[in-house]
**Q** 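For reference, the structure I am asking about is given below.
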Amino acid sequence: MRCLLSAGHEVRVLVRPDSDRRNLENFPVEITEGDLRDHKSLRSAIRDCDNLFHVAADYRLWVPDPETMHEINVNGTRALIIAAAEEGVERIVYTSSVATLGLNQDGSSANEETPSSLTAITGYYKRSKYQAEQL
């Protein structure tokens with residue numbers, strides 16, 4: 001956000017109605033309320049935007065109901081991509097997670113080219129981020 005503002009871009013942020021907004025108080029951003037589970041709110045949030053930076057996720061390491069995490073991280077990402085296409089957004093930048101990287105058997109550092117698969121990933125968060133990345 002800071003880089004975009006420094007480069008002179010107008011920034012609109014989507015926040016849940018009950019989100020703590022103190023980290024946004026000193027920035028000249030337009031705040032719109034919505035939720036990745038509320039697909040109608042996504043279209044209005046990105047209306048008239050040229051670019052979309054998707055950095056949101058439910059990143060809890062454990063959840064009592066994994067379906068909620070799937071709804072946010074996977075279905076919400078899908079809905080956001082579709083809404084962006086319908087609204088004519090020119091570019092989407094999706095921030096995923098290191099959790100989606102594969103592991104090298106020799107212990108060397110992994111990168112985006114390191115093969116991974118859903119069956120090799122453990123944990124609801126990691127699996128949901130992998131699935132969202134595949135979209």
Side-chain angles (χ1 to χ4, degrees):
M1 175 180 70
R2 289 178 180 160
C3 291
L4 292 170
L5 291 169
S6 293
H9 295 283
E10 293 179 22
V11 175
R12 180 182 303 151
V13 296
L14 174 69
V15 297
R16 291 182 315 271
D18 59 347
S19 290
D20 182 348
R21 300 175 191 191
R22 288 178 290 178
N23 61 342
L24 299 172
E25 286 177 352
N26 297 315
F27 295 99
V29 298
E30 178 185 346
I31 296 174
T32 186
E33 291 185 351
D35 190 297
L36 287 171
R37 294 172 290 182
D38 176 6
H39 299 175
K40 288 182 181 179
S41 72
L42 302 179
R43 266 199 85 173
S44 62
I46 60 174
R47 187 161 289 127
D48 299 323
C49 290
D50 296 326
N51 302 293
L52 167 65
F53 290 82
H54 178 21
V55 298
D58 182 341
Y59 59 87
R60 296 174 291 168
L61 296 180
W62 181 87
V63 291
D65 178 14
E67 185 54 38
T68 298
M69 183 172 282
H70 184 86
E71 179 66 27
I72 294 167
N73 292 350
V74 181
N75 296 344
T77 296
R78 178 183 294 110
L80 189 56
I81 291 169
I82 291 169
E86 292 173 347
E87 290 297 324
V89 170
E90 296 172 18
R91 178 177 296 157
I92 299 172
V93 176
Y94 174 66
T95 300
S96 186
S97 171
V98 67
T100 65
L101 298 179
L103 300 174
N104 289 320
Q105 297 302 316
D106 63 3
S108 61
S109 297
N111 63 35
E112 290 84 357
E113 303 299 318
T114 306
S116 186
S117 68
L118 187 60
T119 57
I121 296 174
T122 59
Y124 297 122
Y125 169 73
K126 293 178 182 182
R127 292 174 66 84
S128 72
K129 290 302 285 185
Y130 178 86
Q131 291 172 307
E133 191 174 283
Q134 298 309 300
L135 294 173

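If you're wondering where the values come from, they're calculated on a predicted model, not measured in any experiment.
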**Q** Check whether any side-chain heavy atom of Ser116 lies under 4.5 Å from a side-chain heavy atom of Thr100, and answer yes or no.
**A**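 Not in contact.
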**Q** Side-chain heavy atoms under 4.5 angstrom apart, residues restricted to Ile, Leu, Val, Met, Phe, Trp, Tyr: same cluster for Phe27 and Val11?
**A**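 Shared cluster, yes.
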**Q** Considering all heavy atoms of both residues, which atom of Val74 and which atom of Ser128 are nearest to each other, and what is their separation?
**A**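 What the structure gives for the nearest pair is CG2-O, 3.3 Å.
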**Q** In Å and rounded to the nearest 0.5 Å, what is the CD to CG distance from Glu87 to Asp48?
**A**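 Answer for the CD-CG pair, Glu87 versus Asp48, is 7.5 Å.
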**Q** Taking the side chain as every heavy atom from C-beta outward, state whether Asn73 and Gln131 have any pair of such atoms under 4.5 Å apart.
**A**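 Counting from C-beta outward, Asn73 and Gln131 never come under 4.5 Å.
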**Q** Calculate, to the nearest 0.5 Å, the distance between atoms CG and CD belonging to Asp20 and Glu25 respectively.
**A**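 Those atoms lie 8.0 Å apart.
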**Q** Supply the atom-to-atom distance Leu36 CG to Asp58 CG, rounded to the nearest 0.5 angstrom.
**A**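 Going from the CG atom of Leu36 to the CG atom of Asp58 covers 10.0 Å.
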**Q** Give a yes or no on this: more than 12 heavy atoms of other residues, nucleotides or ligands lie within 6.0 Å of atom CG of Leu118.
**A**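 For Leu118, atom CG is crowded (more than 12 foreign heavy atoms under 6.0 Å).
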**Q** Measuring from Asn111:CG to Thr114:OG1, what's the distance to the nearest 0.5 Å?
**A**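 Answer for the CG-OG1 pair, Asn111 versus Thr114, is 4.0 Å.
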**Q** Taking atom CD of Glu10 as the centre, does the number of heavy atoms from other residues, nucleotides or ligands within less than 6.0 Å exceed 12?
**A**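 No, CD of Glu10 has 12 or fewer neighbouring heavy atoms, counting only those of other groups under 6.0 Å.
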**Q** Where is the tightest heavy-atom contact between Asp35 and Leu42, given as atom of each residue plus distance?
**A** O-CD2, 3.7 Å
**Q** Is Leu135 linked to Ile82 within one hydrophobic cluster, defined over Ile, Leu, Val, Met, Phe, Trp and Tyr using a side-chain heavy-atom separation of less than 4.5 Å?
**A**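 No, it is not one cluster - the side chains of Leu135 and Ile82 are not joined through contacts under 4.5 Å.
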**Q** Minimum heavy-atom separation for Val89 and Cys49, please, with both atom names.
**A**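 Answer, listing the atom of Val89 first, then Cys49: CG2-O, 3.6 Å.
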**Q** Work out which heavy atom in Leu80 is nearest to a heavy atom in Leu52; give both atom names and the distance.
**A** CG-CD2, 3.7 Å
**Q** Is Val55 reachable from Leu101 through a run of I, L, V, M, F, W or Y residues, each pair having side-chain heavy atoms under 4.5 Å apart?
**A**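 No; Val55 is not reachable from Leu101 via cluster members.
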**Q** Taking side chain as C-beta onward, heavy atoms only, is Ile72 less than 4.5 Å from Arg37?
**A**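 In contact.
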**Q** Side-chain heavy atoms nearer than 4.5 Å, only ILVMFWY residues, links allowed to pass through others: does that put Phe53 and Val13 together?
**A** yes
**Q** For atom CD of Glu67, decide whether the heavy atoms of other residues, nucleotides or ligands shown that lie under 6.0 angstrom number more than 12.
**A** yes
**Q** Once rounded to the nearest 0.5 Å, what's the spacing between atom CD1 of Ile92 and atom NE2 of His54?
**A**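 It is 9.0 Å, given to the nearest 0.5 Å.
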**Q** Using the rule that two of Ile, Leu, Val, Met, Phe, Trp, Tyr join whenever any of their side-chain heavy atoms come within less than 4.5 Å, decide whether Leu4 and Ile46 are in one cluster.
**A** no
**Q** What's the shortest heavy-atom distance between Arg12 and Arg47, and which atoms?
**A**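 Answer, listing the atom of Arg12 first, then Arg47: NH1-O, 2.7 Å.
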**Q** Can you name the nearest heavy-atom pair linking Ser41 to Gly34, along with the distance?
**A** OG-CA, 3.4 Å
**Q** Measuring only between side-chain heavy atoms, which start at C-beta, is Arg43 closer than 4.5 Å to Glu86?
**A** yes
**Q** Which residue pairs satisfy the salt bridge (charged side-chain N to carboxylate O under 4.0 Å, His left out) criterion with at least one member in residues 121-135, sequence neighbours excluded?
**A**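 For residues 121-135: none.
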**Q** Roughly how far apart are Tyr130 OH and Ser96 OG, rounded to 0.5 Å?
**A** 10.5 Å
**Q** My understanding is that a hydrophobic cluster links ILVMFWY residues whose side chain heavy atoms are under 4.5 Å apart, including indirect links. Using that, what else belongs to the cluster containing Tyr125?
**A** Tyr59, Val63, Met69, Tyr124
